[in-house]
Amino acid sequence: MKTNPHVFSNSDITVTYNPCKCTNAERCAKELSNVFRHTVIPWIDLEGASTKKIIKQVKKCPSGALQFRKRMEVA
């Protein structure tokens, strides 16, 4: 069964989570628990930390299940 990535956005970035790639290392939740919360749905809250901290944490994901892209400003 194929699982689609989950998408979370704020005004600065979009974070995707692909559960099929996740190795459940829980590094995200252990190191930035205000954003990555495994006891609450939706489990990713992009208002829980600065964009800079979220990007830094997503880059640490060992499986690549978490990805991000910066949102473009519309003038």
Side-chain angles (χ1 to χ4, degrees):
M1 180 171 89
K2 184 176 178 178
T3 304
N4 293 324
H6 302 267
V7 179
F8 305 87
S9 298
N10 66 17
S11 60
D12 298 321
I13 60 172
T14 294
V15 173
T16 57
Y17 166 66
N18 186 336
C20 291
K21 290 180 87 175
C22 184
T23 59
N24 293 311
E26 296 184 7
R27 186 172 188 171
C28 55
K30 290 176 184 172
E31 296 180 10
L32 198 59
S33 61
N34 287 343
V35 174
F36 302 99
R37 311 161 304 163
H38 48 59
T39 60
V40 180
I41 296 175
W43 78 278
I44 295 178
D45 177 13
L46 297 180
E47 303 305 319
S50 69
T51 298
K52 185 176 180 177
K53 286 183 179 180
I54 294 168
I55 290 171
K56 185 176 178 181
Q57 190 63 46
V58 168
K59 287 180 176 181
K60 293 179 183 180
C61 180
S63 66
L66 291 170
Q67 298 286 316
F68 79 93
R69 68 179 179 275
K70 292 184 180 179
R71 296 178 60 141
M72 299 180 71
E73 290 185 30
V74 178

Out of curiosity, Phe68 CZ to Asp12 CG, how far, rounded to the nearest 0.5 Å? 11.5 Å

Once side chain to side chain contact (heavy atoms under 4.5 Å, CB included) is applied, do any residues pair with Ser9, and if so which ones, sequence neighbours excluded? Val7, Thr14, Arg71

Working note: Gln57 + Leu66, criterion side chain to side chain contact (heavy atoms under 4.5 Å, CB included); need CA distance, chi angles, decisive distance, verdict. CA-CA 9 Å; Gln57 190 63 46; Leu66 291 170; over 6 Å; no

What residues, two or more places apart in sequence or in another chain, satisfy side chain to side chain donor-acceptor pair (under 3.5 Å) together with Thr23? none

Sorted by chain and residue number, the side chain to side chain contact (heavy atoms under 4.5 Å, CB included) partners of Asn34 (sequence neighbours excluded) come out as none

In terms of heavy-atom contacts, Ser63 and Cys22 come closest through OG-CA, 3.7 Å

Output the distance between atom CD1 (Ile55) and atom NZ (Lys70), rounded to the nearest 0.5 Å. 5.0 Å

Please test Phe36 against Val58 for side chain to side chain contact (heavy atoms under 4.5 Å, CB included), starting from the C-alpha separation and ending with a verdict. CA-CA 10 Å; Phe36 302 99; Val58 168; 4.0 Å; yes

Identify every side-chain donor-acceptor pair in residues 37-47 under 3.5 Å, counting partners at least two apart or on other chains, and give the distances.
| unit_1 | atom_1 | unit_2 | atom_2 | d |
| --- | --- | --- | --- | --- |
| Arg37 | NH2 | Pro42 | O | 2.6 |
| Asp45 | OD1 | Glu47 | N | 3.1 |

Here the salt bridge (charged side-chain N to carboxylate O under 4.0 Å, His left out) pairs for residues 52-69, sequence neighbours left out, are Glu31-Lys60

